[in-house]
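This report concerns only the one structure given below.
Naming convention: chains lettered A, B, ... in sequence-line order (proteins, then strands); numbering from 1 in each chain.
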Number of protein chains: 2
Amino acid sequence: MVRPEPVSRRDRPAKPPLSRAGILDAAVAIVEKEGADKLTMRRLAAALDTGPASLYVYVKNTTELNALLIDRYLVDLDLSWDDSELPRARLHRVLDDYTHLLTRQTGLAQAALVTWPNGVHYLDLLDLLLRLLHDLELDTTTAARAVDLLLQHATASAAERAAHSSNDAQELSDLQSTLDAADPDRHPTLARAGSAVFVSGSREERNAWSIDVLIDGALKQATQRRPTEGRSHSE
Amino acid sequence: MVRPEPVSRRDRPAKPPLSRAGILDAAVAIVEKEGADKLTMRRLAAALDTGPASLYVYVKNTTELNALLIDRYLVDLDLSWDDSELPRARLHRVLDDYTHLLTRQTGLAQAALVTWPNGVHYLDLLDLLLRLLHDLELDTTTAARAVDLLLQHATASAAERAAHSSNDAQELSDLQSTLDAADPDRHPTLARAGSAVFVSGSREERNAWSIDVLIDGALKQATQRRPTEGRSHSE
DNA sequence: ACCTGAACACCGTTCAAGT
DNA sequence: ACCTGAACACCGTTCAAGT
């Protein structure tokens, strides 16, 4: 019974001690090289030349790992704002950037949807969004809710795109043919509209449209609140 | 070597032959009893008293299984509409129902987010939504996009709720404490707003607010288009 | 032709035992 | 005290072989 020779211990000069930062670096390397869906506790441990159990000393579970990873990615986001750019345009840009960031790696957006990113870079993003919405004359409560809605949309869009564009996803034609199966008697409105309307425009254009809808809708909500501004006696 | 006696063959009278419908029934039973996250090919096969390989004769993969299952659940949705109910109110009700349906079982919403439901009941839902939006004077293109946006919001909300409320999710307090960690120098807007604004109001109220934002935003978009109505020469 | 046992290639998490 | 080998309890999917 020949045991495989233990992988040479001298290759890396004294395998560095584990640490949150080191684990995160290795995680990024895996995501970059193999995609976020290949980031597993076992692979991560293997990359760090240890057993999976060791990771649990530094990271509570997979959910926490994902939350940390997302924040780590957020550092790449451009969050500067000089007033030469109109707030609405800046809003579009940062949300596009955010969506792109999450789309780059399959699985990252998925994680972001069900995970509150945990870290300072996420707070940076929230701060900028709030600032921009304030600049559009939204009150604090409305702005906070709008931030929620805008980020939810950006994240969900990224998750959808990543899911549909990769591996064993459904084909776009599946949706088409489902829609074409609309029975004019049972689905008159749908049949009259035609399946084409659901895929009209480019992804970028649709996305920009959605962001404007969200902003305008929030603005309307803030306006309705305006009359009661001085002191809110009703409601 | 004592083989375990084969589980009695006479318990169920002549194990019924497999079929798409039978598989789906068994899937619903599992989801109902153990939650959608426990629905796996292997468990499903076990429930049908066969090996997992057999399922692949009727279902392409897990993604297709989920798509079929979601449509199967959609049958419970109330899609009637008599004009005694204002279109906006009806819109709220059907979207609430849809969110509830997906929230009931962890994992169902997750699947819906990355999977186009496949079947006639989904078309029924689309038809009603389109009809209601037309009634609010939206043109077909705007209505179709609004449908997308409304369903995306409903699905994402359900996924978030299901994820955060169950099993090994992050605590709500995690978000609170992340927000409270806002450094007044680095995150002035956030710190001034306070962490409370991000969790103001009940879930139902926040949800209703979001739906109104989406509807109003879409209405604005449709209005802007109105001037060019007769024939669209520009753009 | 239709079905499936068994195998392949993985997972996350825990805990007793080692240093 | 800190770390981890090995085990526990699972996954989805394929394919050669059986009826």
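Atom CG of B/D49 and atom C1' of C/dT4 are 13 Å apart (whole Å). To the nearest angstrom, P of C/dC2 lies 17 Å from CG of B/L55. Atom P of nucleotide C/dA9 and atom NZ of A/K38 are separated by 14 Å, given to the nearest angstrom. To the nearest angstrom, C1' of D/dA16 lies 17 Å from OH of B/Y56. Rounded to whole angstrom, the span from the CD atom of A/E64 across to the P atom of C/dG12 amounts to 15 Å. Rounded to whole angstrom, the span from the CZ atom of A/R42 across to the C1' atom of D/dG5 amounts to 11 Å. As a whole-Å value, the separation of A/D37 CG from C/dG12 C1' is 16 Å. We find that CG of A/L39 is positioned 15 Å from P of C/dC10, with the value rounded to whole Å.
Taking A/T189 as the reference, B/D127, B/L130, B/R131, B/H134 meet the side chain to side chain contact (heavy atoms under 4.5 Å, CB included) condition, with sequence neighbours excluded. Taking B/D180 as the reference, B/Q176, B/S195 meet the side chain to side chain contact (heavy atoms under 4.5 Å, CB included) condition, with sequence neighbours excluded.
Summarising the geometry, atom NE2 belonging to B/H153 is positioned 6.5 Å from atom CD1 belonging to B/I211; distances are rounded to the nearest 0.5 Å.
Separating the P atom of C/dA9 from that of D/dA9 is a span of 24 Å, rounded to the nearest Å.
Here C/dT4 is the nucleotide among C/dT4, C/dT13, C/dG5 with the atom lying nearest to any side-chain atom of B/S54. Side-chain proximity of A/T40 to C/dC11, D/dG12, C/dT4: nearest is C/dC11.
Contact record, B/V197 with B/A193: CG1-O, 3.8 Å, taken as the closest heavy-atom pair. Counting all heavy atoms, side chain and backbone alike, B/L108 lies closest to B/L102 at CB-O, 3.9 Å.
If A/P52 and A/V57 are placed on DNA chain D by their nearest nucleotide, the residue sitting closer to the 5' end is A/V57. Residue order along DNA chain C, read from the 5' end via each residue's closest nucleotide, puts A/R43 first among A/A53 and A/R43.
Taking 4.0 angstrom as the limit, A/T62 places a side-chain polar atom (N or O) nearer than this to OP1 or OP2 of C/dT13.
With a 3.5 Å limit on both pairing distances and Watson-Crick or G-U wobble geometry required, the stems of 3 or more pairs in DNA chain C span C:4-8 with D:12-16, C:12-16 with D:4-8.
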| request: Determine, stepwise, if the pair A/T142 / A/L133 fulfils side-chain contact (heavy atoms from CB on, under 4.5 Å). | output: CA-CA 9 Å; A/T142 305; A/L133 290 168; over 6 Å; no
| task | Given side-chain contact (heavy atoms from CB on, under 4.5 Å), test A/R145 with B/V213 step by step and report yes or no. | result | CA-CA 10 Å; A/R145 292 186 172 195; B/V213 164; over 6 Å; no
